Every structure is written in structure tokens, then in C-alpha cells.
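What follows is a single structure, written as C-alpha cells, with notes after it.
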Amino acid sequence: MSEPSKAMNIWEHINELRKRLLLAVAGLLVCVCLSFIFCTKIMEFLAQPIGGLGKLQSIEVTENMSVFMKVSFLSGFIIALPWVLYQLLAFVLPGLNKNERRWIYMAIPLASLLFIGGVAFTYIVMLPVAVPFLMDFLGITTVPRLTNYFSFITNLMFWVGVAFESPLVVFVLAKLKLITWKALLKQWRIAIVVIAILAAVITPTGDPINMSILMLPLLCLYLLSVVFAWAARRKENMVE
């Protein structure tokens with residue numbers, strides 16, 4: 001009797017996973033379709049740091065369409081990200097206790113806000129400085145290609161958004177007892193070196209000004225990570 005019951009449970013898990021994946025894909029498709037409708041406005045918005053779409057040029061027949069599709073899929077994915085994360089995490093929720101579920105429900109909106117914060121920081125702070133610097137470098141007239149410009153800004157926004165997720169990653173590692181807030185504080189010199197290297201890799205220009213613009217929020221995120229690491233083991237730290 002135990003073996004059929006075990007097999008039944010396995011099939012139930014497979015069916016649940018399939019249902020969650022279908023819901024995640026359905027939500028992603030809906031968001032991508034909505035992005036298709038508003039893609040032109042999204043592209044106009046993203047082109048503002050360079051002066052609008054009129055400042056760009058295309059030299060290939062399919063270039064406009066390929067960029068349109070890329071921006072639509074990327075924006076649709078970003079919009080659908082909280083829904084996709086929820087569906088994936090909902091698969092493991094039944095195996096968690098009440099306290100663990102509470103952390104999951106808090107992590108999803110927090111992860112989305114941190115990523116959006118990184119994207120907004122890139123658009124509002126970094127691009128207005130980086131784009132003119134690159135355009136005016138050496139004093140040579142530059143007319144960027146549509147593909148090159150949108151690949152440049154979307155990659156920059158994505159990686160800065162990922163970097164902004166670091167406090168949440170540290171929180172999870174602290175929950176798993178892999179790191180502590182005291183260890184993070186002790187290694188602050190190493191952290192500054194790592195942040196400088198990360199800023200140099202992410203920053204497209206590589207000049208000290210743009211690196212400093214990115215390093216400042218990354219340092220703030222490092223301090224926030226220390227707070228998150230302390231909060232992850234709050235009860236134990238308060239006893240100490």
C-alpha cells in the first residue's frame with residue numbers, strides 16, 4: 001500500500017509543477033502582449049537620454065523589427081517577473097512552515113522593488129552622465145545605431161538591477177548561516193575592492209566619475225546588506 005501511495009504523491013507533485021509553470025508562462029505571455037501594445041512609447045522613453053529616437057539610425061532592413069521585439073520581450077519579462085517568481089515559489093510553499101512562508105511573501109515584492117530601484121537608478125542617474133560622455137568622447141560626431149543603443153542601455157539596466165538584489169541575497173545566505181553580519185563588517189576593505197571592480201565591469205565608460213556614481217549606491221547596498229544579515233538572525237543577535 002505504501003508504494004502506490006508514494007507514486008501517487010510523486011504524480012501530484014509533477015501535476016502541481018506543471019500547473020505552476022503553465023500559469024507562469026501564461027502570465028508572461030499576457031505581459032509580453034501588453035508590452036507589444038506600448039512598445040513604441042517604451043522605446044521613446046528609453047531613448048530620452050540620447051535625445052529621442054530621431055537621434056538613432058538603422059542600417060539593416062530587419063533592425064527596427066528586431067529591436068522592437070527585443071524591447072517588447074524584455075519589458076514583458078520585467079513586468080511579469082513578480083508573477084513568475086510567485087508561481088515558482090508557490091510550488092514549494094506547502095512544504096514550508098508558517099514563518100518560512102511569511103519570509104517568502106515578503107521576499108517577492110522586495111526583490112521586485114530592489115530590481116526596479118536599480119533600473120530606475122540607471123535611467124535617472126547613470127545614463128544622463130554616461131551617454132553624453134560617450135557621445136562626445138574625442139570630439140567625433142557619433143550617430144548610434146538603434147541595435148547598439150538599446151543593447152547598451154538594456155544590458156546596463158539589467159546588471160545594475162541584479163546588483164541591487166545583493167541585500168536580499170545576503171539575507172538568504174545569513175538565514176542559511178553561511179555568513180554573519182559581523183563577518184561582513186570585518187571584511188569591509190575587501191568589500192570596497194570588490195565593489196570597485198564590480199563598478200568598473202558594469203560601468204560602460206570606465207572613467208572615475210561614472211564609477212563613483214555607481215560605487216556610492218553599491219556601498220550603501222553593502223551597509224544595507226549588513227543590516228539584512230543582522231535581521232536574518234535577529235533573535236540570536238539580540239541574545240548576544
Side-chain angles (χ1 to χ4, degrees), residues 21 24-85 111-165 197-218:
L21 290 175
V25 171
L28 181 60
L29 289 175
V30 170
C31 291
V32 169
C33 289
L34 289 174
S35 296
F36 274 119
I37 298 172
F38 299 102
C39 186
T40 303
K41 293 186 180 297
I42 294 172
M43 290 177 65
E44 290 174 353
F45 177 75
L46 293 176
Q48 289 303 311
I50 205 169
L53 290 174
K55 296 291 185 179
L56 303 170
Q57 66 174 352
S58 298
I59 61 175
E60 296 178 3
V61 175
T62 59
E63 189 168 348
N64 293 354
M65 179 61 71
S66 63
V67 172
F68 182 90
M69 298 292 290
K70 180 179 180 180
V71 173
S72 296
F73 280 110
L74 183 60
S75 56
F77 174 77
I78 292 174
I79 295 170
L81 187 58
W83 172 256
V84 173
L85 286 175
S112 302
L113 287 174
L114 287 170
F115 185 83
I116 293 172
V119 170
F121 173 80
T122 306
Y123 182 84
I124 296 171
V125 179
M126 291 193 68
L127 288 178
V129 177
V131 171
F133 177 86
L134 293 170
M135 292 286 290
D136 298 333
F137 189 70
L138 295 180
I140 299 174
T141 302
T142 305
V143 183
R145 283 183 58 185
L146 189 70
T147 301
N148 178 264
Y149 175 76
F150 278 98
S151 295
F152 162 68
I153 64 169
T154 52
N155 287 336
L156 186 60
M157 286 179 171
F158 175 79
W159 287 112
V160 175
V162 169
F164 270 57
E165 299 284 355
I197 295 172
L198 186 62
V201 172
I202 294 176
T203 304
T205 61
D207 66 285
I209 297 175
N210 281 288
M211 281 183 60
S212 300
I213 290 174
L214 182 57
M215 281 186 66
L216 182 59
L218 290 180

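This one's a predicted model, so the numbers in the text were calculated from it and none came from an experiment. Along the sequence shown, residues are numbered consecutively beginning with 1. The basis for the numbers below is simple: all heavy atoms, side chains too, and nothing from hydrogens, waters or symmetry mates.
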| message | Restricting to ring-ring contact (aromatic ring centres under 6.0 Å, His included), what partner residues turn up for Phe77, sequence neighbours left out? | response | none
| said: Under the rule for salt bridge (Lys or Arg N to Asp or Glu O under 4.0 Å), what residues qualify as partners of Glu44, not counting sequence neighbours? | reply: none
| Sequence-distant partners of Phe73, ring-ring contact (aromatic ring centres under 6.0 Å, His included), two or more places apart | Phe36
| So how far is it from Cys39 SG to Leu34 CG, rounded to the nearest 0.5 Å? | 12.5 Å
Exercise answer: donor-acceptor pairs, residues 148-162 side-chain atoms, under 3.5 Å, sequence neighbours excluded:
{"unit_1": "Tyr149", "atom_1": "OH", "unit_2": "Leu46", "atom_2": "O", "d": "2.7"}
{"unit_1": "Ser151", "atom_1": "OG", "unit_2": "Lys70", "atom_2": "NZ", "d": "3.1"}
{"unit_1": "Ser151", "atom_1": "OG", "unit_2": "Thr147", "atom_2": "O", "d": "2.9"}
{"unit_1": "Thr154", "atom_1": "OG1", "unit_2": "Phe150", "atom_2": "O", "d": "2.5"}
{"unit_1": "Thr154", "atom_1": "OG1", "unit_2": "Ser151", "atom_2": "O", "d": "3.3"}
{"unit_1": "Asn155", "atom_1": "ND2", "unit_2": "Ser151", "atom_2": "O", "d": "3.0"}

Name the atoms and distances for all side-chain donor-acceptor pairs under 3.5 Å in residues 119-132, with sequence neighbours left out.
{"unit_1": "Thr122", "atom_1": "OG1", "unit_2": "Gly118", "atom_2": "O", "d": "2.8"}
{"unit_1": "Tyr123", "atom_1": "OH", "unit_2": "Phe45", "atom_2": "O", "d": "2.6"}

| query | With sequence neighbours left out, which residue pairs that include part of residues 30-42 fulfil the side-chain hydrogen bond (donor to acceptor under 3.5 Å, both in side chains) condition? | reply | Ser35-Ser75
| message | Taking side-chain contact (heavy atoms from CB on, under 4.5 Å) as the definition, give me every residue that meets it alongside Cys31, ordered by chain and number, with sequence neighbours left out. | response | Ile79, Ala80
| task | Please list, chain by chain and in numerical order, all residues satisfying side chain to side chain donor-acceptor pair (under 3.5 Å) with Ser66, sequence neighbours excluded. | result | none
| Sequence neighbours excluded, every pair satisfying salt bridge (charged side-chain N to carboxylate O under 4.0 Å, His left out) that has a member inside residues 49-61 | Glu60-Arg145
| request: Search all heavy atoms of Pro144 against all heavy atoms of Ile50 and return the closest pair with its distance. | output: CG-CD1, 3.4 Å
| With Ser112 via side chain to side chain donor-acceptor pair (under 3.5 Å) - residues at least two apart | none
| task | Drop me the distance from Gln57's CD to Asn64's CG, to the nearest 0.5 angstrom. | result | 11.0 Å
